[in-house]
Amino acid sequence: MLDKHFDPNQVEQRLYEAWEKAGAFRPSGKGEPFCIVIPPPNVTGSLHMGHALNNTLQDILVRLRRMQGYDVLWQPGTDHAGIATQMVVERKLAAEGKPTRWEMGREKFLEEVWKWKEESGNTIINQLKRLGASCDWSRLRFTMDEGLSRAVLKVFVTLWKEGLIYKDKRLVNWDPKLRTAISDLEVVQKETQGHLWHFRYPIEGEEGRYIVVATTRPETMLGDTAVAVHPDDERYKDLVGKNVILPLVGRRIPIVADEHADPEKGSGAVKITPAHDFDDFEVGKRHDLPMITVMDETAHMFLKDNPDFLAGLEMTSELEETLKYHGLDRFEARKRIVERMERLGLLEKVKDHLHMVPYGDRGGVPIEPRLTEQWFVDAAALAAGAIRVVERGDTKFFPANWTKTYFNWLKDIQPWCISRQLWWGHQIPAWYGPDGKIFVSETEEEAQKQAEKHYGEAVELKRDPDVLDTWFSSALWPFSTLGWPDDTPELRRYYPTSVLITGFDIIFFWVARMMMMGLHFMHDVPFYDVYIHALVRDEHGQKMSKSKGNVIDPLELIAKYGADALRFTLAIQAVMGRDIRLSEARVQGYRNFGTKLWNAVRFLEMNEVGRDAAFDPASCRLALNRWIVGEAVKTIGEVTQSLDDYRFNDAASAIYHFTWDVFCDWYLELIKPVLKEGDAAAQEETRKTAGWVRDVILKLLHPFMPFITEELWQRTGGEGFLMLSSWPEAREELIDEDAAEELDWVITFIREVRSTRAEMNVPAGAQIPAVLVSANAESRRRLKEWETEIRRLARLSEITLADEVPPKSAQIVLAEAIIALPLEGVIDLDAELKRLEKELAATEKEMKSLQARLSNEKFLTKAKPEVVEQTKHRLEELQTKHAKLEEARQRLAAMV
RNA sequence: GGGCGGUUAGCUCAGUGGUAGAGCACUACGUUGACAUCGUAGGGGUCACUGGUUCGAACCCAGUACCGCCCA
């Protein structure tokens, strides 16, 4: 006998281990392939709500397809997460009082990272298991394991040979805290309240004349190499071609005409610092200006012994003063420069200024554009294919609006900076000869050979110290995890994968790049469908963040309510294209749903409901059973179709509604009399039907709530695992409309009586008689059939037939008949009169609107015939009802 | 500035060109040996606003307002 409640903590781990031990997560090897590759969580990660949602949705699909007989592979793995992991380990070393990475050196540091990875890298995997994720863990991969690293090398070398990877000296986004280049995508713009300083730059040879430039970054002025004005700006026409003397430095720099200068903004003249600003860099290239870097890799001023800075300068006391800024942090330098300019009378004005400041998303400090040599992927070349396949529909986005976002980015794509000045990651397979000549190759030996061939003798090569952007290896994930570059059976069988499930925040970082790489190396899309899910917010719609303190920990909710409850909550709220607001009350509600199911099964168990594999629901004779079978079939159809369309919320709602509102509330209540005192044949049929419907529920619910359903399956003697059983079939021929109509009559009867009793303030415990008046033959038959059930559920002592409504009755219209509740002594006649009048009014209101519609010529001619038919039918029903109600009202009025 | 989304019950949200829905919260009552993590009944909505299309609009279109996100 089952306990009253399901205890997830006792069951989840045991079941999970049993599944895993039995190999239930492995592909069956039979049926059509179905494959999902997991968005690899960072090895540093621990499960947050986003993971919980992402993996719940994947698990739902994977479990569904498995039950449907597909050959399912859910490929798991983790990402080495270059910067994130390196930071975690650095922090750990610092906390332990160990030397910094710079002190211990690259090799030693990497040992520490690997050690950390072995110890802590699987935390999130274990957390995914708690969620119930049915990944094939025997195939767990890591972006830096041997096979995947081989894929990375091969891709890099191939793209290099094809000219799609190149090295270039360009201005890049530099994170001065992490001391590495980062890609455009890793830069976040933050609106910041700053200042716009207006500086006077003296015109050369025109004593006392200045040009005013406005800047938000005074510290960069030391690297100015021009002042730009708009070519059409009348104010400055005569100055173009002249020079200014850069204050504090003494450098002579030209005034150039360039459209970059906006006459509307500030003074209309702008200082140009090509080595510290992306726009200025372009201006510098157009006018062939020198590019002077004035900061080092940590964004401290770099002036002394800086040949670029000092080139052509005369040593003055002014310059000497400026050189004291060497080694200052950029913001301190800014302060001092502003002060000094003011002292010199060169600060015309300062205005508050709201502007965007670029921050590194990992380091959290403003990035400093920096002129360096980096490796780039020619993303534009690869993007063309990635656009084409989505345009053609080879890969579809769900919801479709993300397609546009995807296109917008790809159509304006910039070169992808893939080198990082970090240590943790795939080291770039490039070696340099003594003269700087580059040899790219998968192995050092091969590079040596190339060099020998090139130089005619063996030379010492030096390997590029940089590593690749983490997303470079992630981009290969759908094929590298399946074995590429080897031609493995898995690769042939599961690529392209069926669907990718991920968040919108990594469409550019990951989805687009997988598409580019997949097409280039596999000559086919990496996935047919891309389902983009929303963000999980707190219950007030706030983004969860540590600083706000509103983070809800999925593991806590799992501990409290079970994994099933959390999963169901996320699934039923997973509406396409809309964020999820998660509240604990909701999780609790779905935990209660589990309890409800648990007790329903418990009830069946108490009534000796078993499981008969040979039972065919088509053999049912009782309307009750034919009805519930039909309802179950409809539900099977809805759940299946919804999941096929990625409408997780609709699927979850359908099974929830059927289980609670139909199966528990009505079917189980209605079978109680049968099970207690029905004849043997009816009892047997009902037990078998109930068992069959219970199994349909367990199966339909299993992808959402794997644990409780599996447990119930086991506890009711189910063979094997529920998770490996077959998905139910929606056999439409089992839907019996007559049975549905009959049960609708019964249910309405009970509902109406209950409602009337409550309104008449009949005590809940009181048994009262009812009289069915002017019933036709079919209603009489139904009443005979259902009397026991109706009496029980409506708390009626007896139901008799009559031609007249007994005096002092409450009256309920049910189709052609009236249910009268003689309530002599109990009934409040005025209350009943009011009740009837209220119902009359509602009926009349609806009738009026229908009549208006039906008397509209255009409606009759233009609306769909079935709609017209429906409307007429409904009006007839209402007219009957109205007449009955009116009679009832008059009868009652005569008594008052 | 460009793009996308949102505005429906007290709260959180579904929803479809043809009778406005759920969960939670609320009110009343608790009775039927599955379930009080429950049951029964009930109250509560100008579907943001303004136009348009349509026989008919919460739904389609256009505009406005406010909120959110992404990109520059």
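To find a chain, count down the sequence lines: A is the first, B the second, and so on, and within it residues start at 1.
Here G5(B) presents its P atom at 15 Å from CD1 of Ile532(A), a figure rounded to the nearest Å. If you measure from atom CG of Asp650(A) to atom C1' of U16(B), you get 11 Å, rounded to the nearest angstrom. One interatomic measurement links the two molecules: CZ of Arg757(A) to C1' of G39(B), which rounds to 14 Å at whole-angstrom precision. Separating the CG atom of Asn401(A) from the C1' atom of G6(B) is a distance of 12 Å, rounded to the nearest angstrom. For the pair Phe397(A) CZ and G3(B) P, the computed distance is 20 Å after rounding to whole Å. We find that CD of Gln573(A) is positioned 13 Å from P of G15(B), with the value rounded to whole Å. Distance CZ (Arg751(A)) to P (G39(B)): 13 Å, rounded to an integer number of Å. If you take NZ of Lys872(A) and P of U19(B), they are 18 Å apart, rounded to a whole angstrom.
Comparing G63(B) with A20(B), their C1' atoms are spaced 26 Å from each other, to the whole Å. The same atom, C1', is picked in U31(B) and in C38(B); the two are 13 Å apart, to the nearest Å. Straight-line distance between the C1' atoms of G52(B) and A57(B): roughly 11 Å, to the nearest whole Å. C59(B) sits 30 Å from G42(B) when the P atoms are compared, rounded to a whole Å. To the nearest whole angstrom, the two C1' atoms, one in G44(B) and one in C4(B), are 34 Å apart. The separation of U19(B) from C26(B), taken at their C1' atoms, amounts to 26 Å, rounded to a whole angstrom. A gap of 16 Å separates the P atoms of G23(B) and A14(B), to the nearest Å. Rounded to whole Å, the C1' atom of C70(B) lies 28 Å from the corresponding atom of C47(B).
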Check: protein-nucleotides 53-57 of chain B nitrogen or oxygen pairs below 3.5 Å:
| residue | atom | partner | partner atom | Å |
| --- | --- | --- | --- | --- |
| C55(B) | OP1 | Lys862(A) | NZ | 2.2 |
| C55(B) | O2' | Asn856(A) | ND2 | 2.7 |

Sort me out a list of protein N/O and nucleotides 26-37 of chain B N/O pairs below 3.5 Å, or just none if empty.
| residue | atom | partner | partner atom | Å |
| --- | --- | --- | --- | --- |
| U31(B) | O2 | Arg795(A) | NE | 3.4 |
| U32(B) | O2 | Arg792(A) | O | 3.2 |
| A34(B) | OP1 | Lys672(A) | NZ | 3.2 |
| A34(B) | O3' | Arg602(A) | NH1 | 3.3 |
| A34(B) | O2' | Asn599(A) | OD1 | 2.9 |
| A34(B) | O2' | Arg602(A) | NH1 | 2.7 |
| A34(B) | N7 | Lys672(A) | NZ | 3.2 |
| A34(B) | N6 | Cys664(A) | O | 3.3 |
| A34(B) | N6 | Glu669(A) | OE2 | 3.0 |
| A34(B) | N3 | Asn599(A) | O | 3.1 |
| A34(B) | N3 | Ala600(A) | N | 3.3 |
| C35(B) | O4' | Asn599(A) | OD1 | 3.1 |
| C35(B) | O2 | Lys596(A) | NZ | 2.9 |
| C35(B) | N3 | Lys596(A) | NZ | 2.9 |
| U37(B) | O4' | Asn592(A) | OD1 | 3.3 |
| U37(B) | O2 | Arg591(A) | NE | 2.8 |
| U37(B) | O2 | Asn592(A) | OD1 | 3.3 |
| U37(B) | O2 | Thr595(A) | OG1 | 2.5 |

List, with names and distances, any nitrogen or oxygen atoms from the protein found under 3.5 Å away from nitrogen or oxygen atoms belonging to nucleotides 7-9 of chain B.
| residue | atom | partner | partner atom | Å |
| --- | --- | --- | --- | --- |
| U7(B) | OP1 | Arg578(A) | NH1 | 3.3 |

Considering only nitrogen or oxygen atoms on both sides, find all protein atoms under 3.5 Å from nucleotides 68-72 of chain B and state each distance.
none

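Evaluation of the side-chain hydrogen bond (donor to acceptor under 3.5 Å, both in side chains) rule for Arg853(A) yields no partner, not counting sequence neighbours. Residues satisfying the ring-ring contact (aromatic ring centres under 6.0 Å, His included) test with Trp786(A), not counting sequence neighbours, are none. Phe407(A) pairs by the ring-ring contact (aromatic ring centres under 6.0 Å, His included) definition with nothing, not counting sequence neighbours. In this view, Asp262(A) and Glu264(A), Lys265(A) satisfy the side chain to side chain contact (heavy atoms under 4.5 Å, CB included) rule, not counting sequence neighbours.
The pair Arg217(A)-Glu368(A) meets the salt-bridge criterion, since a charged nitrogen lies less than 4.0 angstrom from a carboxylate oxygen.
Other residues, nucleotides and ligands contribute only 12 or fewer heavy atoms inside 6.0 Å of the CD atom of Glu857(A). Within a 6.0 Å sphere centred on NZ of Lys676(A), other residues, nucleotides and ligands contribute 12 heavy atoms or fewer. Applying the 6.0 Å contact sphere to CZ of Arg362(A) captures no more than 12 heavy atoms from other residues, nucleotides or ligands.
In terms of modelled atom types and a separation under 3.5 Å, the side chain of Arg795(A) and the main chain of Ala766(A) share no donor-acceptor contact.
Exactly one residue among Phe504(A), Trp402(A), Trp416(A), Phe508(A) makes a ring-ring contact (aromatic ring centres under 6.0 Å, His included) with Trp409(A). That residue is Phe508(A).
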Determine, step by step, whether Thr716(A) and Arg611(A) satisfy the side chain to side chain donor-acceptor pair (under 3.5 Å) criterion, reporting the C-alpha distance in whole Å, the side-chain angles of both residues, the deciding distance to 0.1 Å, and the verdict. CA-CA 8 Å; Thr716(A) 53; Arg611(A) 179 173 286 112; 3.0 Å; yes
Walk me through it: do Glu844(A) and His882(A) pass the test side chain to side chain donor-acceptor pair (under 3.5 Å)? CA-CA 7 Å; Glu844(A) 274 165 24; His882(A) 185 266; 2.8 Å; yes
Show, in sequence, the C-alpha distance, side-chain angles and deciding distance for Arg602(A) and Glu605(A), and conclude whether the salt bridge (Lys or Arg N to Asp or Glu O under 4.0 Å) test is met. CA-CA 5 Å; Arg602(A) 180 166 176 264; Glu605(A) 185 189 39; over 6 Å; no
For RNA chain B, what string of dots and brackets results from 5' to 3' when Watson-Crick and G-U pairs need both distances under 3.5 Å, crossing pairs get [ ], and pairs with another strand get |? (((((((..((((....[..)))).(((((.......))))).....(((((..]....)))))))))))).
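At the heavy-atom level, Val867(A) lies under 4.0 Å from base atoms of the strands shown.
Annotation: cation-pi pair Arg694(A)/Trp713(A) absent, no NZ/CZ under 6.0 Å from the ring centroid and within 45° of its normal.
Residues in residues 556-577 of chain A take part in these ring-ring contact (aromatic ring centres under 6.0 Å, His included) pairs, two or more places apart or across chains: Phe568(A)-Tyr590(A), Phe568(A)-Phe593(A), Phe568(A)-Phe704(A). Pairs engaging residues 566-577 of chain A under the salt bridge (Lys or Arg N to Asp or Glu O under 4.0 Å) rule: Asp59(A)-Arg567(A) [sequence neighbours left out].
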Donor-acceptor pairs under 3.5 angstrom involving side-chain atoms of residues 654-671 of chain A: please list them, not counting sequence neighbours.
| residue | atom | partner | partner atom | Å |
| --- | --- | --- | --- | --- |
| His657(A) | ND1 | Asp661(A) | OD2 | 2.9 |
| Thr659(A) | OG1 | Ile655(A) | O | 2.7 |
| Tyr667(A) | OH | Asn625(A) | OD1 | 2.6 |
| Glu669(A) | OE1 | Lys672(A) | NZ | 3.3 |
| Glu669(A) | OE1 | Arg792(A) | NH2 | 3.1 |
| Glu669(A) | OE2 | Lys672(A) | NZ | 3.2 |

